[in-house]
Amino acid sequence: MSTEIGSRRSVVVAVTGASGAIYATRTMAALLERGWHLELVVSDYGRRLLRDELGDAASIDKLADYLADKYGPAVRSGTFTLHSNRDLGARIASGSQNCEAMVVVPCSMKSLAGIALGLSRNLVERAADVMLKERRRLIIVPRETPMSLPQLRNMVLCAEAGAMILPAMPAFYQMPQTLDDLADFMAGKILSALGVPHELYPSWKG
Ligand SMILES: Cc1cc2nc3c(=O)[nH]c(=O)nc-3n(C[C@H](O)[C@H](O)[C@H](O)COP(=O)(O)O)c2cc1C
C-alpha cells in the first residue's frame, strides 16, 4: 500500500481498545479494496487488541501485509497513513483536512467518554471533535456489555452532537457461519453509514 493520497476519497479510521479488532480490520479492508485513503490512528490499547485478538501478524507494523493476506491483494488498491495517537499536530487534528467522515471501530467506553465531553486528550478524541465541529459524519461503534448509566449517557451526548451510534451488534438473520461473516455484517453496516455501496451481507428480502 502506498502513502500517496491524490484525489482519493478519504476517511479517518480510529481503532481503540474495545473488543472486536476483527470489525476494524474488515472495515479497513473493505474501504481499501474500494480505493479509499485511510487516515489511521490506533490507541495504545487498540494496538494491544489487534495483537491479542488477531495474533502477532496483525500488529500495527505488519498491518498492510496482514490485510492483504487475509482479505486479498485488492486491499492494495487503497492507501493509508498511520498517525501517532499522541500527535495532536497531525493533519486530521485540523478542520482543514479533507476527510469526509470518521469511524471509531471498535470504540472503548473511555474513548466514547472523551468524545462525548469534547476532551481532545489524544488524536482519536481530537479528530472526532473536529468531525463534530465541522458537521461531518462521525460513526462510533461502541462495544461493552452491560453498560453503565454514564456510558449510556455518553452515547446520548455523542448522538445529540451529531454522531451516529452504530453498536457492535451483528445480526443473525443472514445465517452467519463464521466470525468473518459477523465481521462482514458490521463492516457492511459501517460502509452503508458512509454511503458506500457493498455486498458484504445479503440484504433482507422480507
Ligand atoms: C483484552 C481487553 C479487552 C477490552 N475490551 C473492552 C471493551 O470491549 N470495551 C471497553 O470499553 N473497554 C475494553 N477494554 C478496556 C479498554 O481497553 C481500556 O479502558 C483502555 O483504557 C481504553 O483506552 P483507549 O480508548 O485509549 O483505547 C479492554 C481491555 C483489554 C485489555
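Order of listing sets the numbers, starting from 1, for every ligand and every atom in it. We're numbering straight along the sequence, starting at 1.
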Exercise for review: May I ask you to check whether Thr178 and Asp180 show a side-chain donor-acceptor distance below 3.5 Å?
Suggested key: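 No pair is found: no donor N or O on one side chain lies under 3.5 Å from an acceptor on the other.
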Practice item. Please say whether Ser111 places an N or O atom under 3.5 Å from an N or O atom belonging to ligand 1. Key: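 Yes, there is a polar N/O contact under 3.5 Å.
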Check your understanding: Quick one: which of Arg9, Arg136, Arg8, Arg137 gives a salt bridge (Lys or Arg N to Asp or Glu O under 4.0 Å) with Glu100?
Key ->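 Single salt bridge (Lys or Arg N to Asp or Glu O under 4.0 Å) partner of Glu100 among Arg9, Arg136, Arg8, Arg137: Arg9.
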Point to revise | Gap separating the CD atom of Gln151 from the OG1 atom of Thr145, nearest 0.5 angstrom | key: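 One gets 9.5 Å once the value is rounded to the nearest 0.5 Å.
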Exercise for review: Starting at SG of Cys99, measure out to CD of Glu134 and round the result to the nearest 0.5 Å.
Suggested key: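 With rounding to 0.5 Å, SG (Cys99) is 12.0 Å from CD (Glu134).
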**Study point:** Heavy atoms from other residues, nucleotides or ligands near OH of Tyr45 exceed 12 (cutoff 6.0 Å)
**Key:**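 It does not: Tyr45 OH has 12 such atoms or fewer within range.
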Practice item. State whether the number of non-hydrogen atoms from other residues, nucleotides or ligands found under 6.0 Å of Leu179 atom CG is greater than 12. Key: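 Incorrect, the count does not exceed 12.
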Considering only non-hydrogen protein atoms, determine which one is nearest to [atom] and report residue, atom name and distance to 0.1 Å.
atom                    : value
atom 5 (N) of ligand 1  : Ser19 N, 3.4 Å
atom 2 (C) of ligand 1  : Leu49 CD2, 3.8 Å
atom 12 (N) of ligand 1 : Gly17 O, 3.7 Å
atom 22 (C) of ligand 1 : Ser108 OG, 3.6 Å
atom 27 (O) of ligand 1 : Ser43 OG, 2.6 Å
atom 10 (C) of ligand 1 : Glu144 OE2, 3.5 Å
atom 8 (O) of ligand 1  : Arg143 NE, 2.8 Å

Review point. Between Tyr201 and Phe185, what is the ring plane arrangement, given parallel below 30°, perpendicular above 60°, and tilted in between?
Key: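 Answer is tilted, since the angle falls between 30° and 60°.
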Check your understanding: Counting each atom of ligand 1 from 1 as listed, which ones have a heavy atom of Tyr45 under 4.0 Å away?
Key ->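 That gives atoms 17 (O), 20 (C), 27 (O) of ligand 1.
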Check your understanding: Any idea which atoms of ligand 1 are less than 4.0 Å away from a heavy-atom of Thr16?
Key ->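 Reading through ligand 1 atom by atom, the close ones are 25 (O), 27 (O).
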**Study point:** Whether Arg34 side chain and Val75 backbone form a donor-acceptor pair below 3.5 Å
**Key:**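 Side chain of Arg34 to backbone of Val75: no pair is present.
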**Study point:** Shortest reach to atom 23 (O) of ligand 1 by a heavy atom, considering only Arg51, Met109, Glu53, Lys110
**Key:**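 Residue with the shortest heavy-atom distance to the ligand atom: Lys110.
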Exercise for review: Establish whether atom 31 (C) of ligand 1 and some protein heavy atom are separated by less than 4.0 angstrom.
Suggested key: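 Within 4.0 Å of atom 31 (C) of ligand 1, protein heavy atoms are found.
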